[in-house]
Protein chains: 2
Amino acid sequence: MTTKSKTRYALLGILSLYPMSGYDLKKFCDEAVSQFWNENYTHIYTVLKQLEKEGLAGKLTEQTGGRPPKNVYHITETGRAELNEWLLQPVEPDPPRFEIILKLVFSTDVPVQNIIEKIERYKAENELALENVKEGERKIKDIAGTQGEKWAYLWMIGINSGKHSYKAVIDWCEETLEILKGMK
Amino acid sequence: MTTKSKTRYALLGILSLYPMSGYDLKKFCDEAVSQFWNENYTHIYTVLKQLEKEGLAGKLTEQTGGRPPKNVYHITETGRAELNEWLLQPVEPDPPRFEIILKLVFSTDVPVQNIIEKIERYKAENELALENVKEGERKIKDIAGTQGEKWAYLWMIGINSGKHSYKAVIDWCEETLEILKGMK
DNA sequence: GCGCCCATGTAACTAGTTACATGATTCA
DNA sequence: TGAATCATGTAACTAGTTACATGGGCGC
């Protein structure tokens, strides 16, 4: 299978839940899936047009009065088929690109204090991300209630991944700070 | 500071260790830093030319007889200054894009067995990555010996980050497989 | 003799970002 | 009255990838 833009599938996936506009898709990305995915406006609008042209999504225009008319996109049968095909495929790992490590290994001449500050900042950012994940967890639990629906399980598993990852980074930061403080 | 290609800094960083050719840089990426960084040939050759034009790297051509002449690049004073400036800057977190989670949350209609297979594969890939990291760790220890040089500390810290991250993913896979197997 | 390694590069492309442009509505 | 939200888009760009092209050297 030739690799295509992941944005296509992200948008198709979201549209498979509810029909919505480009604007709404952006909101959904920023709110519901921001812990593991992101998109920007320009790209959303661009890809939506492609999806429409290829018949994977359809568009219904609502007049809003004043504002630009709202284009509500919905997934088509073809779109759903393409989404489902993608969903079945295994996930190829992305080649790693950890800027913080890259920077670290070239930092022989950088004052240790500066490195410490970077790691502390990095740690704080990851703590924040962990908090966001936990908030997401609470939201899902609220919505899903007690009857174990499959979608809620899947979202919880996704959320849990964030918890593991961010905790690992935070642990590493703490260990690293210990070592670096010993080097001063 | 305007954000620039990270490849620039990766190449400058490696050239700050040793002068080398585009081909060597690719090898260095694949061998020494592959656990946390990657580059591809085309981009390396392209960016090297830019660096040369901007005076951040210089080029010395060695005749090889037969083969294309080997262009050995070295970092200039200006290049070193730019690298050092970058090294001092804090690292902005990359917006997250975890394809496996994205796929997971839209997989309500995907057979659980297929999801299990994807996670198992993902786990295996991360186990392999963890092994590579551990091998890297051994190599560094061999090279660095016992006298605690700063560069060796920094590389070990970097390596350690990989250990934490991959372990976290593997743990998550195991937990997730348990849950999914309970859903069948 | 075959395949991998050395060693370079270009052309064409795709994915994604930044900056810009517009303008009504709603709420404090 | 001023900021945030709703709602769309284009132009220009940067970063990075894929596919292609070349060809000798070296080991098995």
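Chain A is the first sequence line, chain B the second, and so forth, proteins listed ahead of strands; every chain is numbered from 1. Any value given below was found using the heavy atoms of this structure, including those in side chains, with hydrogens, waters and symmetry copies removed. What you see is a predicted model, and the numbers here were worked out from it, not measured in a lab.
Within the nucleic acid shown, B:Arg8 has no heavy atom closer than 4.0 Å to any nucleic acid atom. Within the nucleic acid shown, B:Thr46 has no heavy atom closer than 4.0 Å to any nucleic acid atom. Among the protein residues, A:Lys26 comes within range of no part of the nucleic acid, since none of its heavy atoms lies under 4.0 Å from any strand.
Following rounding to the nearest Å, A:Lys4 (NZ) and D:dT18 (C1') show an atom-to-atom distance of 15 Å. The interatomic distance linking A:Leu48 (CG) with D:dT10 (P) rounds to 12 Å, in whole Å. The CD atom of B:Gln50 sits 15 Å away from the C1' atom of C:dG9 (whole-angstrom rounding). The CG-P distance, from A:Leu25 to D:dT8, rounds to 9 Å in whole Å. Summarising the geometry, the separation between CZ on A:Arg97 and P on D:dA15 is reported as 11 Å, rounded to the nearest angstrom. The OH-P distance, from B:Tyr45 to D:dT22, rounds to 17 Å in whole Å. Atom pair B:Lys6:NZ and D:dT14:C1' shows a separation of 13 Å (rounding to whole Å applied). Across the protein-nucleic acid pair, A:His43 atom NE2 and C:dT14 atom P stand 12 Å apart, rounded to whole Å.
For the helix from C:dG1-D:dC28 to C:dA28-D:dT1, the axis fitted to the five pairs at one end and the axis fitted to the five pairs at the other end meet at an angle of 50° (nearest 10 degrees).
Between A:Glu175 and B:Lys163 there is no salt bridge, since none of the side-chain N atoms of the basic residue sits less than 4.0 Å from a carboxylate O of the acidic one. The pair A:Lys70-A:Asp24 counts as a salt bridge, with a side-chain nitrogen and a carboxylate oxygen less than 4.0 angstrom apart. Salt-bridge check for B:Arg80 with B:Glu85: failed, with every basic side-chain N at 4.0 Å or more from each acidic carboxylate O.
Between B:Pro95 and B:Lys49, it is B:Lys49 whose nearest contact on DNA chain C lies nearer the 5' terminus. Position along DNA chain C of the nearest nucleotide to A:Glu39 versus B:Gly22 favours B:Gly22 as the more 5'-ward residue.
Taking only side-chain atoms of B:Thr42, from C-beta outward, the nucleotide of D:dC6, C:dT10, C:dT18 with the closest atom is C:dT10. The side chain of B:Lys70 lies closest to C:dA7, out of D:dT17, C:dA7, C:dG16. With D:dG16, C:dA7, D:dA7 as the candidates, the nucleotide lying closest to the side chain of B:Asp24 is C:dA7. The listed nucleotides are C:dT17, C:dG9, C:dG16; the one nearest the side chain of A:Asn38 is C:dT17.
Not a single donor-acceptor contact under 3.5 angstrom links the side-chain atoms of B:Ser21 to the base of C:dT8.
For B:Asn40, no side-chain nitrogen or oxygen approaches OP1 or OP2 of D:dG16 to under 4.0 Å. The phosphate of D:dT8 (OP1 or OP2) has no side-chain N or O of A:Tyr23 nearer than 4.0 angstrom.
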Exercise for the section: Check the pair B:Lys123 / B:Asp171 against salt bridge (Lys or Arg N to Asp or Glu O under 4.0 Å), numbers first and verdict last. Expected result: CA-CA 9 Å; B:Lys123 187 186 161 200; B:Asp171 286 350; over 6 Å; no

Exercise for the section: Give the C-alpha distance, both sets of side-chain angles, the deciding distance and a yes or no for side chain to side chain contact (heavy atoms under 4.5 Å, CB included) between A:Ile119 and A:Glu117. Expected result: CA-CA 5 Å; A:Ile119 305 279; A:Glu117 279 159 22; over 6 Å; no

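Under 3.5 Å, the side chains of A:Asn71 and A:Thr61 contain a donor-acceptor pair of N or O atoms. Using modelled atom types, one finds a donor on one side chain and an acceptor on the other under 3.5 Å when comparing A:Trp37 with A:Glu39.
Under the 4.5 Å side-chain contact rule for hydrophobic residues, A:Val72 and A:Leu17 do not share a cluster.
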